[in-house]
Amino acid sequence: MSFVVGTTLLAVVTALACALPGTFVVLRKNSMLVDAISHAALPGIVVGYFFTHNLDSPLLIIGAALAGLIVMLGSEWLTRTGLLTGDAPQGLIFPALFSAGVILVSLNFANVHLDTHAVLVGDLNLAAWEQLIIGGTSWGPSYLYVMLGVLALNIVFLGAFYSKLKVTTFDAQFATSLGIRTGLVNTAFMFLVSLTVTAAFNAAGAILVIALMIVPPATAYLLSRSLPVMIALTAVIAVAGALAGFWIAYVFNAATSAGMAVFYGLVFVIVLAATRLAQRARQRERRRPRVVAPA
């Protein structure tokens, strides 16, 4: 498998793995929680490396995902106290965790390739550099199979808990009356989101991963009226944006992840403008006086 093809597949798989759970994140109005999770994962990565001394260890992903989960659980606990409202709890927790991670990196791991720039913006091409070689044949980037595993896990989880996720997303009180343990479902889902965000670090970083997870489902939300259609459109937009963004970045020799994020943003702006124009046209149509033909 050539490097370009392997990197293209990695871009598509990473975009899909992020966008599918992002559908429920957008519907739950927890989009900025992804930002908090992505930043808070840094100390988890550092602590995982402290015990393993291996940047490729899966324990780094698990440790970072747990650190992201702390943000969600801590934010919910602070909200339940009634002393803080809105997104103030997130603003208190994730900067502290991210700062702790930066300090740990600068003090203890300055000689390790674990810099804050890579954590913030990622590098899709660098993530695809290490190839999986079997029998003398390259089977593409090793990281591609990590993201394929994450994508498979997301599909299995969303398929198995689709009905519970749907009812807890749209009516949590009704879900509780049905006997669904909403807290457990929410925690499991947010751990999945945290795991996905962490796994996508190498490709997208802590900032650009938000675009991969939020913008495709937000765009699909403007175009759909049912959840299955929204999920399908999310997948289509994620794949199309990954391919287009990758090749635009390839042609202009620009950052690949940034190219994908910019293309997603442009698609969202176009869809938003078209939706607004369609709404205004329908409003003008309704206000237009109707001419009644004489009897």
For the pair Ser194 (side chain) and Phe191 (backbone), establish whether a donor and an acceptor sit closer than 3.5 Å, ignoring hydrogens and angles. no

Any chance CZ of Phe170 has more than 12 other-residue heavy atoms, nucleotides or ligands included, within less than 6.0 Å? yes

Could you check Ile248, Val215, Leu243 and say which one makes a side-chain contact (heavy atoms from CB on, under 4.5 Å) with Phe263? Ile248

Hey, does Thr23 have a side-chain heavy atom less than 4.5 Å from the side chain of Tyr221? no

Check against side-chain contact (heavy atoms from CB on, under 4.5 Å), Tyr162 and Phe24: CA-CA 10 Å; Tyr162 175 79; Phe24 288 96; 4.2 Å; yes

CD of Gln173: more than 12 outside heavy atoms within 6.0 angstrom? no

Any luck finding a side-chain donor-acceptor pair between Thr176 and Arg181 under 3.5 Å? no

What is the minimum heavy-atom distance between Leu233 and Ser224, and which atoms define it? CD1-CB, 4.1 Å

List the atom of Asn154, the atom of Ala17, and the distance in Å for their closest heavy-atom pair. ND2-O, 2.8 Å

Side chains of Phe174 and Ile180: does their closest heavy-atom pair fall under 4.5 Å? no

Between Met230 and Pro217 the two heavy atoms that sit nearest each other are CE-O, 3.3 Å

How close do Met213 and Val197 get, counting heavy atoms only, and between which atoms? CE-CG2, 3.8 Å

